[in-house]
Amino acid sequence: MNFIIAGAVEAVKELYGQEIAENVINIQETRKEFEGQVTIVVFPIVRFSKKSPEETANDIGSFLQQNVAEVTGFNVVKGFLNLVIAESYWIDLFNNTLLQPDFLSIKPRGEKVMVEYSSPNTNKPLHLGHVRNNLLGYSVSELLKADGYEVIKVNLVNDRGIHICKSMLAWQNWGNGETPESSGLKGDHLVGKYYVLYDKKEKEELQNIISTYHEIGTTLSQFQKDKFGGAIGVLQTALDQNDPQALKRGFDIFASTVQNIINRFQSEENFDNIQEFVTLVNNSSFVSVAKMLQQWEQGDTEVVGLWEKMNGWVYEGFDVTYKKLGVDFDKYYYESNTYLLGKDTVEEGLAKGVFFKKEDGSVWIDLTADGLDQKLVLRADGTSVYITQDLGTAQMKYDDFGMDKSIYVVGNEQDYHFKVLFLILEKLGKSWAKGLYHLSYGMVDLPSGKMKSREGTVVDADDLVNEMVETAKQKTEELGKTNDFSEADKEDLYTTIGLGALKYFLLKVEPKKRLLFDPAESIDFQGNTGPFIQYTHARIKSLLSRADYHYAVADYSNIKLTPTELEMVMLLAKYPTEISEAAKAYSPAFIANYLYEVAKLFNKFYHETPPIIKEEDTAAKQHRLNLCKIAADVIKSGMGILGIKVPERM
RNA sequence: GCCUCCAUAGCUCAGCUGGAUAGAGCACCGGUUUUCUAAACCGUAGGUCACAGGUUCGAAUCCUGUUGGGGGUACCA
């Protein structure tokens, strides 16, 4: 529509002798209730014309009608100038742009972008929250590809740390050698089972410690009571709060209190009274799991062997889920290899004066001038924290790929972390820091609140997919449309539809919005849904094949476009713009909503058009089939960006 | 406390850098199949765009404040 803007600028120059910028001309699609296709909002021009909006609109309208060939008429409603564009313009657009083979081809822009997503922990299976992450990450990757970027999909696997050791410890203590084979459980589910078990056992132990304390309490000296009593209180509170971090803090306080008492009373007589109690504490899972992490870091062969075995199970399980979801990666990074990174970066920061060292040796950055806080980047004992690793990993990723942009698909609870991370890298003078972007998305909540793996209140990814496929099967069979399908084709179709419903459901919502998922209410298959769009595609393909469609440009000498056909040409022509806008916003939701419009409009067209197959006017028939063909192509392409397959029949 | 995100129909969501009478789907009610797939189409009804100010020719959209909700907040990732 650039020629309209140019024409309007020219009009203002000719009519009012004013040079105006192009962005003064505000154009939009004409509302359906008025005649015309393009509307110029004239209010911003009034200050140049020094006339009323209506007069200005009339002036410009006449000018455009006389000087711009495509403008064949206009009308003015208040301050809105509605322009009628010649039908030949739309027909040319359709034939020379939409119908050309390169309409959907990608135009490479010679830029590289990395998309990091999924990034699972290897201590539990994937749940609905991960599903949103995976689908979003995959879809954004496809979107950026469609917008001409070279995309590197990366998965940074969180395969180490105290949470991994918890599953390991539980399996070691209470697993009786259970394996995926012996249990029939998928590897990630088996490991997740022990993660939940650990949590349960740990709580029991802590309760036991507390009640044991109350039993022996009477034999303690007043001093011991005072000391212990406080620590026990902290522990009990943490236990009641049901928050892992609070629990860790509570236990740490408690454990150090116990240690102090041991040191103080070791030589005294009544020490025996609390011996049993101390043993209980020292043998607790809390202590064992910390010890296990240390052993892992020291490379203890037994622990590392167990770690490798159990992670192996998890990876096998994840592969199945990933395959089912249709997501993939070009490169895996493992935190077990990267968790020590970043210390060089800390040194660099100290040398540059970006970081400073406190008396205890810990290293910090002061971001108060940027409205943030002081942030620890290295502990006093020289070990890394989360952000240390991320600094190092960011550098490594850039060294490996030299990408222009890097997108982190991570939930919004880490907004602050990434703000700090990017700011630090900028302050360190990394040229690539400005290409970093945190694609932050909202949590998926259940009606009952947040999902928690430890408590088993999660919607499991595998279960969910299976349920969706099962529902798709039921609904399809009710409609009785697959009676002549082979078993394999049926299986395929149900998977396509079930996943289509799930993926569309999660992707049509703006990423940053939080999502409420009610497992009791199944995901719809009608209306603004994946299956509706899939159905539309199948419908078109069926029509094209029955009509024995062949590509050819229609003869338009006797064809007049209906309003709906005109609308379709305009809507389909927007597809490339839609992609680049969606890519700019990193929002597959734009594409989802656009495709819904396309599908809806096609169905309207389909209903109001007499059967195309029986059309005797060959030019009209060709023209309509061409329109159908482009609609199908756009739907297929757009759904591909969402990671959703479209069936030929359904 | 401070920072940040969110609030649009009963429910789930669109509404782009401010533009005309705020749009869909689901659910509800009514209609459409002797014609290319009814997972469709057409229609009725449903709104103080959380609230209050401000900016402007014009505000769901921008600014300020209030309320309600989510998340974060220095050695968990």
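Bear in mind the structure is a predicted one, so any value in this text is a computation, not a measurement. First the proteins, then the strands, lettered A, B, ... as listed; each starts at 1.
- B/C26 and B/U64: their C1' atoms are spaced 38 Å apart (whole Å).
- Listed nucleotides B/C5, B/A77, B/U73 differ in distance to A/Y386; the shortest reach to its side chain belongs to B/A77.
- With the nearest nucleotide of RNA chain B identified for both A/F532 and A/D360, A/F532 has the one nearer the 5' end.
- Ring pair A/F605/A/F602 is tilted by interplanar angle, where 30° to 60° counts as tilted.
- Going from atom CZ of A/R514 over to atom C1' of B/C13 covers 14 Å, rounded to whole Å.
- Among the nucleotides B/A20, B/A74, B/A77, the one closest to the side chain of A/L376 is B/A74.
- Taking the six-membered ring where the residue is Trp, A/F286 and A/F251 present parallel rings, their angle staying beneath 30° rather than reaching 60°.
- Taking side-chain N and O atoms only, A/K513 has a distance below 4.0 Å to OP1 or OP2 of B/A14.
- Taking the P atom of each, B/G10 and B/U4 are spaced 32 Å apart, rounded to whole Å.
- Salt bridge present: A/R624 and A/E615 bring a charged side-chain N and a carboxylate O closer than 4.0 Å.
- Using a 4.0 Å heavy-atom distance criterion, A/Q374 is classed as a base contact.
- Relative ring orientation between A/F422 and A/Y408 is described as tilted, the plane-to-plane angle lying within the 30° to 60° band.
- The residue A/V41 sits close to a base: some heavy atom pair falls under 4.0 Å.
- B/C51 and B/A22 have their P atoms separated by 16 Å, given to the nearest Å.
- A/T476 contributes a side-chain N or O that forms a donor-acceptor pair with the base of B/A39 under 3.5 Å.
- Checked by distance alone, A/T39 brings a side-chain donor or acceptor within 3.5 Å of a matching partner on the base of B/A20.
- Put simply, A/F43 rests on the base of B/G19: the two rings are less than 5.5 Å apart at their centres and nearly parallel, under 30°.
- For B/U64, the paired base is B/A52 (Watson-Crick or G-U wobble, both distances below 3.5 Å).
- Taking 3.5 Å as the limit, the base of B/A20 and the side chain of A/N82 contain a donor-acceptor pair of atoms between them.
- Only the P atoms considered, B/C3 is 42 Å distant from B/G46, to the nearest whole Å.
- The shortest distance between the side-chain N/O atoms of A/K481 and the OP1/OP2 oxygens of B/A39 is below 4.0 Å.
- A gap of 27 Å separates the P atoms of B/A20 and B/C5, to the nearest Å.
- Taking atom CG on A/N26 and atom P on B/G18, their separation rounds to 9 Å, with Å as the unit.
- Side-chain N/O atoms of A/R379 include none lying less than 4.0 angstrom from OP1 or OP2 on B/A74.
- In this structure B/C36 sits in no base pair that meets the Watson-Crick or G-U test at under 3.5 Å.
- The base of B/U35 does not come close enough to the side chain of A/K614 for any donor and acceptor atom to sit less than 3.5 Å apart.
- Considering A/E29, A/E581, A/E597 as possible partners of A/K574, the one that fulfils the salt bridge (charged side-chain N to carboxylate O under 4.0 Å, His left out) test is A/E29.
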